[in-house]
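What follows is one structure encoded as structure tokens, with my remarks underneath.
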Amino acid sequence: MGEAADPAPAVEAAAKGRVAPPMPWRTRLAVLAAGYVTDATRRADGTVNRRLLGVLDKGVAASATPRNGVASRDVVIDPAVPLRARLFHPAGGGAEDRRPLPVIVFFHGGGFAYLSAASPAYDAACRRIARHAGAAVLSVDYRRAPEHRFPAAYDDGLAALRFLDDPANTARDPPLDPSRCFLAGDSAGGNIAHHVARRYALDPSAFAAVRLAGLVAIQPFFGGEERTPAELRLDGAPIVSVPRTDWMWRAFLPPGADRTHEACSPDAAVAGIESAPAFPSATVVVGGYDPLQDWQRRYCDALLAKGKEVRLLEYPAAIHAFYVFPEFADAKDLMLRIKDIVAGSE
């Protein structure tokens, strides 16, 4: 399955009652704030207080002027939806910068219901990915639940690939190379990245230029009807809790569906890909303090059972969404791993 760090230290610590690694106080406050945003804006009736969420998660504007070496602009993917995305790219002035850039189609986390491509944490994370990987990052502002349930987010992801399949959209400054296209995302975004890869792989002939070179699923959000040992052991962990994930699945899945649904169950999510050679090699990132880790390992097992190439990256001291906090050493390490994955497609 590829390299994997030993998760035993985190498991042992959690068994002693520790549900989070030591963190600087500023990071701890930021983590607590992220959980507060979710709890303060989700309603018992299954809706989201979008007005309050807009105050608590005020988006940042795109910037043609480079920030930390990366410029960005907002693009329209499909005006009929309407669907937008934010395109990040390294800024430079050398002749080699005219070479078409590989492109990472990115899906932010947030339980299918929260956050956006303009959320400060994801704007900053996509800048770091673009800078380290030397690639363009197309961060898709997909429609969110519960207003838009399954399969809206997956449809939007496929629309982003169709956008890249049009030469008129990839010949601009900077030029993009759709034949070196990666799908990536964290949490719910990792789930979306998988399902977009699956849809693409089941009908790759629908695309003239786009070729998927890899899938990076960072702590992807999958689940099931039962509670796993990690969910029970890490009750009270940062960012993710059972009540929050229960609410998110109710908000996203079709009315009346349970968690055996293809959007949720790792086993159902891989249906048909055994006969789809265009499904890309996958890198799956797992954190030792993430309550969702057992589902993520089941996802790896499900891919392997279908004969797919999987690389498992485990960070024993990582919480859910660790990589959006650049002060964690593991966050920098993951950026370097993504850089290596993209470089390997040359």
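Every heavy atom of this structure was used, including side-chain atoms; hydrogens, water molecules and symmetry mates were not. Computed from a predicted model, the values in this text were never measured in an experiment.
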**Request:** Take Glu226 and Arg259, measure what salt bridge (charged side-chain N to carboxylate O under 4.0 Å, His left out) needs, and give me the verdict at the end.
**Result:** CA-CA 9 Å; Glu226 74 274 20; Arg259 294 187 208 178; over 6 Å; no

**Request:** Answer with yes or no whether the side chains of Asp186 and Tyr122 bring together a donor and an acceptor at under 3.5 Å.
**Result:** yes

**Request:** Would you indicate whether Lys339, at its atom NZ, is surrounded by more than 12 heavy atoms from other residues, nucleotides or ligands within a distance under 6.0 Å?
**Result:** no

**Prompt:** Do the ring centers of Tyr299 and His194 come within less than 6.0 Å of each other?
**Reply:** yes

**Asked** Got a second to check how far Ser179's OG is from Arg211's CZ, nearest 0.5 Å?
**Response** 8.5 Å

**Message:** Going by ring-ring contact (aromatic ring centres under 6.0 Å, His included), His261 matches just one of Trp249, Phe222, Phe150. Which one?
**Reply:** Phe150

**Prompt:** Got a second to check how far Leu87's CG is from Arg172's CZ, nearest 0.5 Å?
**Reply:** 8.5 Å

**Prompt:** Does a side chain donor of either Ser72 or Arg127 reach within less than 3.5 Å of an acceptor in the other side chain?
**Reply:** yes

**same_hphob_cluster(Trp247, Leu56) at 4.5 Å side-chain heavy-atom cutoff** = yes

**Asked** Judged by modelled atom types alone, do Ser119 and Asp57 share a side-chain donor-acceptor pair under 3.5 Å?
**Response** yes

**Message:** For a quick check under 3.5 Å, do Glu327 and Thr27 share a side-chain donor-acceptor pair by atom type?
**Reply:** yes

**Request:** Find out if a path of hydrophobic residues (ILVMFWY) with successive side-chain heavy-atom gaps under 4.5 Å connects Val240 to Leu29.
**Result:** no

**Item:** Residue pair Asp203 / Phe207: nearest heavy atoms and the distance that separates them
**Value:** O-CD1, 4.1 Å

**Message:** Within the 3.5 Å criterion, strictly below it, is a donor on Tyr154 or Asn191 matched to an acceptor on the partner's side chain?
**Reply:** yes

**Request:** Might you work through the salt bridge (charged side-chain N to carboxylate O under 4.0 Å, His left out) test for Glu314 and Arg297, ending with a clear yes or no?
**Result:** CA-CA 10 Å; Glu314 292 203 54; Arg297 292 192 183 92; 2.6 Å; yes

**Message:** If you apply the rule side-chain contact (heavy atoms from CB on, under 4.5 Å), what do you find for Leu83 with Phe163, and how did you get there?
**Reply:** CA-CA 11 Å; Leu83 176 63; Phe163 174 84; over 6 Å; no

**Asked** How about Asp333 and Tyr315: does a side-chain donor come under 3.5 Å of a side-chain acceptor?
**Response** yes

**Item:** Donor on one side chain, acceptor on other, Thr260 and Asp258, under 3.5 Å
**Value:** yes

**Request:** Give, for atom CG of Leu52 and atom CZ of Arg42, the distance between the pair rounded to the nearest 0.5 Å.
**Result:** 13.5 Å

**Message:** Would you say Val60 ends up clustered with Val137 if hydrophobic residues are merged whenever their side chains have heavy atoms under 4.5 Å apart, either directly or through other cluster members?
**Reply:** no

**Asked** Are Met335 and Phe88 co-members of a hydrophobic cluster defined by side-chain heavy atoms under 4.5 Å apart?
**Response** yes

**Message:** A cation-pi test, strictly: NZ or CZ of Arg28 under 6.0 Å from the centre of the six-membered ring of Trp25 and no more than 45 degrees from its axis. Yes or no?
**Reply:** no

**Prompt:** Which of these, Arg84, Arg199, Arg162, Arg143, sits in a salt bridge (Lys or Arg N to Asp or Glu O under 4.0 Å) with Asp156?
**Reply:** Arg143

**Prompt:** Mind checking whether His108 and Tyr142 have ring centres under 6.0 Å apart?
**Reply:** yes

